[in-house]
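Written out below as structure tokens is the structure these notes cover.
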Amino acid sequence: MSERAIPNWRLGFWSLIVTQFQGAFNDNALKFLVIYIIVQQNLSVDRRDWLVLLIGALFALPYIFFSMAGGFLADRYSKRSVTIGTKVFEVGVMLFALASLTVGNFPMEALSVFLISTQGALFAPSKYGLLPELLPDRELSWGNGVIELGTFLAAITATMAAGFLADAFRGRQFWSGAILLGFTAFGLATSLGISRVGAADPSRAPRFNPFADLGGQLRIIARDRLLQWSVVGNTYLWFLAALLQFVIVFYGHDALHVDETQISYLQAAVGIGIGTGSLAAGYLSRGKIECRLVPIGALGMTIFGFLVSRSGLGIWPVRIDLCLLGIFGGFYAVPLNALIQHRPDPEHKGGVIAAANLLSFVGVFLAAGVYFALSTAAHLRPGQIFLAGGFMTLVATAHAFLLPPESRDQSPASTQIKT
């Protein structure tokens with residue numbers, strides 16, 4: 001058992017998983033609902049693409065601006081209290097989203113996406129920081145597999161639900177907002193079941209500059225080669241996932257000529273794959289952090305990134321290739337997340353997780369810019385952007401094979417190995 005693990009941890013752990021599932025569902029459902037509302041309108045291709053990418057950027061920016069604030073809250077206060085507080089904030093956000101969807105005001109809808117993402121940014125360091133405090137050390141990789149599976153199952157169901165809501169309540173999106181508000185109230189209730197934990201650093205003084213601690217956290221990451229390797233790999237994974245989301249929306253609409261519901265199924269194929277791969281990676285790790293799964297995952301993502309870029313594919317081959325790409329993405333993600341949670345000292349854990357979270361959403365933000373550059377400046381079609389993503393992942397595969405020597409035996413129950 002770790003020093004901070006809760007003896008009867010199961011109720012608190014599963015309450016966290018359900019709370020996280022609901023939060024990830026609402027985040028993705030609101031974002032994709034607004035995207036599908038944009039796609040439904042008779043806009044020029046350039047304006048449509050610009051507005052969709054704007055929503056993607058607004059979803060990423062709060063994680064860049066507020067992740068360090070979330071890290072401060074996770075270290076300064078009980079992570080359970082932070083979780084409950086952010087769920088109360090989410091209730092207010094969803095009331096605003098309900099109003100914006102009711103009147104059909106795009107600037108308000110866009111602001112709703114920004115605000116729901118702000119809630120997620122403040123919550124994320126506490127969410128991941130709770131795992132090593134709630135779980136026995138031997139269960140950490142398994143817990144990461146479960147939370148990644150839950151996150152991507154939430155993303156799957158959210159993208160599918162957003163497609164359904166966009167079609168079913170076209171012109172009367174009040175009902176979509178009401179449903180999402182109801183889910184938020186449920187998430188607030190489940191957050192109360194998370195086990196009580198103490199604050200990691202209750203004497204920590206607040207800083208009003210959101211980036212004040214970033215330099216210090218980056219120096220902590222840079223001093224640990226394995227942690228640095230993990231953060232770089234995690235950032236690329238989030239970049240690739242965001243790029244795929246944009247490509248799939250436009251590929252489904254422009255190349256496959258399918259509706260929003262079918263596009264949501266393509267997004268779901270990736271999510272199903274990542275969730276399945278994450279759970280499998282958690283079990284394959286067998287009580288330790290299995291770093292060797294990372295290069296295997298990167299190689300698989302590269303292969304299926306190339307395969308999905310082939311021209312003339314029907315919708316089912318595209319779904320299968322995306323699902324298999326996602327499975328290897330799960331192999332890639334789980335060890336990296338476990339390392340980011342395990343390697344820092346307890347007093348730095350919240351800040352390091354926040355910094356890693358910030359960098360991952362720098363990747364998400366850059367994905368919007370890269371898609372815009374490839375589609376507008378380079379004039380690449382969505383299928384060609386799949387191919388470009390395959391070449392970028394090939395570079396990430398080379399990085400994944402550069403495992404630091406101390407990665408060979410990473411048991412969470414053992415003493416941390418510092419370089």
Side-chain angles (χ1 to χ4, degrees), residues 24-25 28-29 31-33 35-36 38-40 45 48-49 52 56 148-168 170 237 240-281 296-333 367 371 374-375 380-394 397:
F25 178 92
N28 286 279
K31 179 179 77 169
F32 277 101
L33 177 61
I35 286 174
Y36 292 146
I38 293 168
V39 172
Q40 284 176 348
V45 172
R48 179 205 66 184
D49 291 3
V52 169
E148 291 301 318
L149 175 63
T151 298
F152 286 103
L153 282 176
I156 295 163
T157 54
T159 53
M160 295 174 68
F164 170 78
L165 293 174
D167 281 338
R170 190 186 299 247
L237 179 66
L240 180 65
L243 184 64
L244 283 176
Q245 284 189 335
F246 293 131
V247 178
I248 289 169
V249 169
F250 300 129
Y251 184 79
H253 191 271
D254 297 344
L256 297 177
H257 306 293
V258 296
D259 61 19
E260 290 76 23
T261 301
Q262 293 297 322
I263 292 172
S264 73
Y265 293 162
L266 294 176
Q267 302 278 9
V270 182
I272 289 170
I274 293 177
T276 303
S278 295
L279 188 62
I296 294 171
L299 185 61
M301 288 194 299
T302 301
I303 292 170
F304 287 101
F306 284 130
L307 290 177
V308 79
S309 69
R310 293 169 295 165
S311 60
L313 292 178
I315 192 165
W316 271 105
V318 172
R319 287 175 181 166
I320 292 169
D321 286 342
L322 288 174
C323 183
L324 290 169
L325 188 156
I327 288 173
F328 284 99
F331 283 11
Y332 186 87
Y371 185 92
L374 292 175
S375 63
L380 298 184
R381 296 186 299 276
Q384 294 172 317
I385 298 176
F386 272 132
L387 182 62
F391 281 111
M392 286 185 276
T393 307
L394 186 61
T397 302

Item to check | Any donor-acceptor N/O pair, Thr276 side chain to Ile327 backbone, under 3.5 Å | outcome: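 No, Thr276 side chain to Ile327 backbone: no donor-acceptor pair under 3.5 Å.
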Checklist entry - Does the Gln267 side chain pair with the main chain of Gln245, one donor and one acceptor, at a distance under 3.5 Å? => result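 Yes.
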Checklist entry - Do you see a donor-acceptor pair shorter than 3.5 Å between the side chains of Asp49 and Ser375? => result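 Ser375 and Asp49 do not have a side-chain donor-acceptor pair below 3.5 Å.
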Next on the checklist: Quick one, Leu237 with Met301, criterion side chain to side chain contact (heavy atoms under 4.5 Å, CB included). Give me CA distance, side-chain angles, the key distance, then yes/no.
Outcome noted: CA-CA 10 Å; Leu237 179 66; Met301 288 194 299; 4.0 Å; yes
Checklist entry - How are the rings of Phe328 and Phe331 set to each other: parallel, tilted or perpendicular (split at 30° and 60°)? => result perpendicular
Checklist entry - Looking at residues at least two apart in the chain, or sitting in another chain, which of them share a side chain to side chain donor-acceptor pair (under 3.5 Å) with Asp321? => result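 So Asp321 forms a side chain to side chain donor-acceptor pair (under 3.5 Å) with Arg310.
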Next on the checklist: Is there a side chain to side chain contact (heavy atoms under 4.5 Å, CB included) between Leu307 and Leu324? Walk through the geometry before answering.
Outcome noted: CA-CA 10 Å; Leu307 290 177; Leu324 290 169; over 6 Å; no
Item to check | side chain to side chain contact (heavy atoms under 4.5 Å, CB included) between Leu322 and Phe386, worked out | outcome: CA-CA 11 Å; Leu322 288 174; Phe386 272 132; 4.2 Å; yes
Next on the checklist: Nearest 0.5 angstrom please: Tyr265 OH to Trp316 CH2, how far?
Outcome noted: 10.0 Å
Closest heavy-atom pair and its distance - [X], [Y]:
X      : Y      : result
Ala367 : Ala242 : CB-CB, 3.6 Å
Ala161 : Phe25  : CB-CZ, 3.8 Å
Thr159 : Ile156 : OG1-O, 2.9 Å
Ser264 : Met160 : OG-CA, 3.5 Å

With a cut-off of 3.5 Å and sequence neighbours excluded, list every side-chain donor-acceptor pair involving residues 246-253.
residue : atom : partner : partner atom : Å
His253  : ND1  : Arg48   : NH1          : 3.1

Item to check | Tyr36 and Ile263: CA distance, side-chain angles, deciding distance, side chain to side chain contact (heavy atoms under 4.5 Å, CB included) verdict | outcome: CA-CA 10 Å; Tyr36 292 146; Ile263 292 172; 4.0 Å; yes
